[in-house]
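A, B, ... follow the sequence lines: proteins, then strands. Residue 1 opens every chain. Remember, it's a predicted structure, so these values are computed and weren't measured experimentally.
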Number of protein chains: 2
Amino acid sequence: MTLVHDERAPYVQVADIIRAEIASGERAPGAKLPSVKKLAERFGLAEMTVHSGLRILREEGLIVATPGRGTFVRSDVDPASLEAGGSSRAESDLRSQVESLTATVEQLSSRVAELEKMAGLSAMTD
Amino acid sequence: MTLVHDERAPYVQVADIIRAEIASGERAPGAKLPSVKKLAERFGLAEMTVHSGLRILREEGLIVATPGRGTFVRSDVDPASLEAGGSSRAESDLRSQVESLTATVEQLSSRVAELEKMAGLSAMTD
DNA sequence: GTCCATTTGTCCGTATGTATA
DNA sequence: GTATACATACGGACAAATGGA
């Protein structure tokens, strides 16, 4: 598992890779992940970049991290539920797409509102 | 200036403050937030810390950020959801966001159609 | 019990990339 | 083409929590 140069942001790829390792059973529930330092060395990234990747998985509920102890795979996560749609790379893609769409719609709304003002619309939306 | 864990982390407080400003109506829907640079100066924090705070609100669906434009308050946010749980995690559900987007796009479509009717169809030949 | 190494979490300052206006 | 603004990455630093010597 290595990072691809042309694809998405490195920290997202880190999340994708580790998520895949959990889904494949390579990292069993309750297992301890390598420290951020080790992961940073493995991926050739800064620790903070790895940390950002782990943050995604934490928000997805796949892992649990405790200062002084380490980062562990949630023990109540069923690998089958990952492919079913609980948390997956597909959901990450969807989320970013929805965010992008939301921004575009927001912008369109303002522009349309501006046009309606210029047009001197008499008929409001009933 | 040691950060006592007595209070919550600064980036969380940034999110809390701005969330409160949105909830109170001080920052109206569609309004443009100050740039990250300005907010960093206002709070006396680094830009990255402010950015982390805004990321929370973005994931909650309260704001929308676009590079080169700025950060804006979502216009289709229901104020009731803010008072309900402080942080409305339910609003970040993909399905509800898609539903909201679909409804907004539909409204925009009819408004644009109305504008096109008023404008006549002469602009098509450019 | 105290000291210390490990580990996560956060902040800072800077730099680069990319999209917008 | 230039300026603005968000997004990410890096390296260094410190705090808090855990665990072992």
Across all strands shown, which nucleotide pairs with C:dG1 by Watson-Crick or G-U wobble geometry, both distances under 3.5 Å?
none
Between A:T66 and A:R69, is there a donor-acceptor pair closer than 3.5 Å when you use the side chain of the first and the backbone of the second?
no
Report yes or no: does B:R27 contribute a side-chain atom to a donor-acceptor pair with the main-chain N or O of B:L33 at less than 3.5 Å?
no
Decide whether B:L108 and A:V98 are clustered together by the hydrophobic rule: side chain heavy atoms of Ile, Leu, Val, Met, Phe, Trp, Tyr closer than 4.5 Å, transitively.
yes
Test: side chain to side chain donor-acceptor pair (under 3.5 Å). Region: residues 40-51 of chain B. Which pairs qualify, not counting sequence neighbours?
B:E21-B:R42
Selected nucleotide, minimal atom distance to [X] side chain, candidates [options]:
X     : options               : answer
A:T49 : D:dC10, D:dC6, C:dT10 : D:dC10
A:P10 : D:dA9, D:dC6, C:dC11  : D:dA9
A:L45 : C:dC11, D:dC10, D:dA7 : D:dC10
A:S35 : C:dG9, C:dT8, D:dT8   : C:dT8

Atom [atom1] of [X] to atom [atom2] of [N]: distance rounded to whole Å?
X      : N      : atom1 : atom2 : value
A:E47  : D:dC10 : CD    : P     : 11 Å
B:L33  : D:dA7  : CG    : P     : 12 Å
A:E99  : C:dA19 : CD    : C1'   : 16 Å
B:R58  : D:dT8  : CZ    : P     : 6 Å
A:H51  : D:dT8  : NE2   : P     : 15 Å
B:K37  : D:dA7  : NZ    : P     : 15 Å
A:Q107 : D:dC6  : CD    : P     : 14 Å
A:I56  : C:dG9  : CD1   : P     : 14 Å

Describe the nucleic acid contact of A:L54 in one word from base, sugar-phosphate, nothing, applying a heavy-atom distance below 4.0 Å.
nothing
It should be established whether B:Y11 places a side-chain nitrogen or oxygen under 4.0 Å from OP1 or OP2 of nucleotide C:dT10.
yes
Is there a side-chain polar atom (N or O) of B:Q13 under 4.0 Å from OP1 or OP2 of C:dC11?
no
Go through residues 64-72 of chain B and report each residue with a non-hydrogen atom lying under 4.0 Å from DNA chain C, sorted by number.
B:T66, B:P67, B:G68, B:R69
If we only count heavy atoms from C-beta on, is the A:L62 to A:V73 side-chain gap below 4.5 Å?
no
Please give me the minimum heavy-atom distance between A:I63 and A:T71, naming the atom from each residue.
CD1-CG2, 3.7 Å
Is A:R95 paired with B:E59 through a side-chain N to carboxylate O contact shorter than 4.0 Å?
no
If you find the nucleotide of DNA chain D closest to B:K38 and the one closest to B:R55, which residue's nucleotide is nearer the 5' end?
B:K38
